[in-house]
Amino acid sequence: MAKPAAKKSASKNPVAKKSAPKGLPVVLVGTRKGAFVLTGDANRRKWQVTGPHFLGNVIQHFLLDPRDQRTLLIAAKTGHLGPTVFRSTDWGKRWKEASRPPAFPKAAEGETGRAVKSVFWLTPGLSSQPKVWYAGTSPDGLFRCDDGGDTWDEVKGFNDHPLRQTWMKDGGSADGLLTHSIAIDPRDAKHIYLSISTGGTFESRDGGADWAPLNRGVVADFIPLKDPEWGHDPHLFVMHPADPDRLYQQNHCGIYRLDRAKGETWTRIGANMPKKVGDIGFPLVVHPRNVDTAWVFPMDGTSVWPRTSPEGKPACYVTRNGGKSWQRQDRGLPQEHAYWTVMRQSMCDDGRDPLGLYLGNTAGEVWMSRDEGEKWENIARHLPEIYSVATGVRAK
Amino acid sequence: MKVLIPSPLRSYTGGRSEVEGAGATVVEVLDDLDRRHPGLKFRMVDEQGQVREHMRVFVNGESCRSLEDLVGPTDEVFIVQALSGG
């Protein structure tokens, strides 16, 4: 079992200076029925929708490689066809399918093996690993690719971990057990975090050979055990890019923060959310230049979990002090009868200054804010149910 | 032998609804198809060798019971997507 000793924090509260990205802003939208690209003008005021790519395909994740700013990677399947990964280096004019998509090994005769039902999550490697990608799947699996998305191999240390069967609980999400939120420490490519719904958050310090749970302090009120070591339901885990020892998660049971330099126990910062809204939801976005600023998008997690905005009034909540307090941000969003919500991959920032925020909802709408959530405006509607939203830059 | 391809898989066959395949069993035919049209098999048969939940294979109009079913050079293999969802 890997030792979960924390590294010394790189900086207490670094505010990295970042020049404005060169090129036009793009928003990549993965939906239940295809992928779309929104291209904005330099001021992020006018947006043009292009696509669909792979109409009819379920697109769980759609990313632009941040290392080369030209490779698009898409995790796709259809209602009938199995899961695969496509890539394009010409903004979707031509796509190439992985010649070996993520797949578990064939089981020995007489044994039951697992089969990938969907590729749920994609994470690019560090800038020092230009062709590396990781994929999380349903059922819970971790795969790695070293050639830019063409051939994928199991991370056996995770997929065959001797404790794996005990980590996973009761089938996981509605889509089965999911591996998601794969995050690589920018200081050490062998230090990897991931989350399992349900199973908890885990880390490896040896490139994936061994894994240790990182769930202390996180509530799991659906497990009849006091303070279980694993079995939790993290909806989204985020390692802060400016301080990799500052961790956040939006969990099935609240919003949490953990500072590895100060300990190993998560603090429920969602306890400071307004009680009538609660701290249940899926997405969580951090400000890339301020470790204490983060946004969540709560949903109704009461009674039967309708998975809609509380009271039909969608709103973002921001903290600027690491979760000690939260402010509602709903200007521009519908003020009533808007019973949609935002999935875990469907909210992101654009890294610009002032920071742009983007969210895609279950009603097929994309909303953005050019001022860090103060005011929202709709930039696309009538798309299929949105599963992922990511930003990038397209050279003019 | 003649193999009929459903619309979701025609991106692998250059748009063709009917292609040639060879093999002594259904799985051998699918392996042959995958050599000629790379990637096709994994979209309809998972890594454990199971036909995916909403796909079906018929041989001469009869539902295929096993991918090990024998086929001959004059048989017709019909790959279809199951009606699932109305």
Around [X], counting heavy atoms of other residues, nucleotides and ligands shown, do more than 12 lie under 6.0 Å from its [atom1]?
| X | atom1 | answer |
| --- | --- | --- |
| B:R36 | CZ | yes |
| A:R164 | CZ | yes |
| B:K41 | NZ | yes |
| B:E76 | CD | yes |

| message | With heavy-atom distances below 4.5 Å as the criterion, would you say the side chains of A:T78 and B:R43 are in contact? | response |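 Yes. Closest side-chain heavy atoms under 4.5 Å.
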| query | Side-chain contact, heavy-atom cut-off 4.5 Å: B:H54 with A:L81? | reply | no
| What are the two closest heavy atoms between B:F42 and A:P102, and how far apart are they? |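 So the minimum-distance heavy-atom pair works out to CZ-O, 3.9 Å.
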| Taking all non-hydrogen atoms of both residues, which atom of B:R52 and which atom of A:H80 are closest, and how far apart? |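 Closest heavy-atom pair between B:R52 and A:H80: CB-O, 4.1 Å.
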| task | Mark yes or no for whether A:E97, through its side chain, and B:G39, through its backbone, hold a donor-acceptor pair below 3.5 Å. | result |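 No; zero donor-acceptor contacts below 3.5 Å.
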| message | Whether the side chain of A:K106 engages the backbone of B:E47 through a donor-acceptor N/O pair (distance < 3.5 Å, no angle test) should be reported. | response | no
| Among B:G49, B:P8, B:P38, B:S11, residue most engaged with chain A (heavy-atom pairs, under 4.5 Å) |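 Top option by heavy-atom pairs under 4.5 Å: B:P8.
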| field | Interface moiety of B:E53 toward chain A, non-hydrogen atoms closer than 4.5 Å | value | neither
| query | Given the rule in the side-chain contact (heavy atoms from CB on, under 4.5 Å) test, do A:K117 and B:D46 qualify, once you have shown the distances and angles that lead to the verdict? | reply | CA-CA 9 Å; A:K117 283 173 60 181; B:D46 72 24; over 6 Å; no
| message | For A:R100, which atoms come within 4.5 Å of any heavy atom of chain B: side chain, backbone, both, or neither? | response |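 Contact with chain B involves no heavy atom of A:R100 at all.
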| remark: When the 4.5 angstrom heavy-atom criterion is applied to A:P83 and chain B, the contacting part is both
| message | Among residues at least two apart in sequence or on other chains, which ones pass side-chain hydrogen bond (donor to acceptor under 3.5 Å, both in side chains) with A:H180? | response | A:S197, A:R344
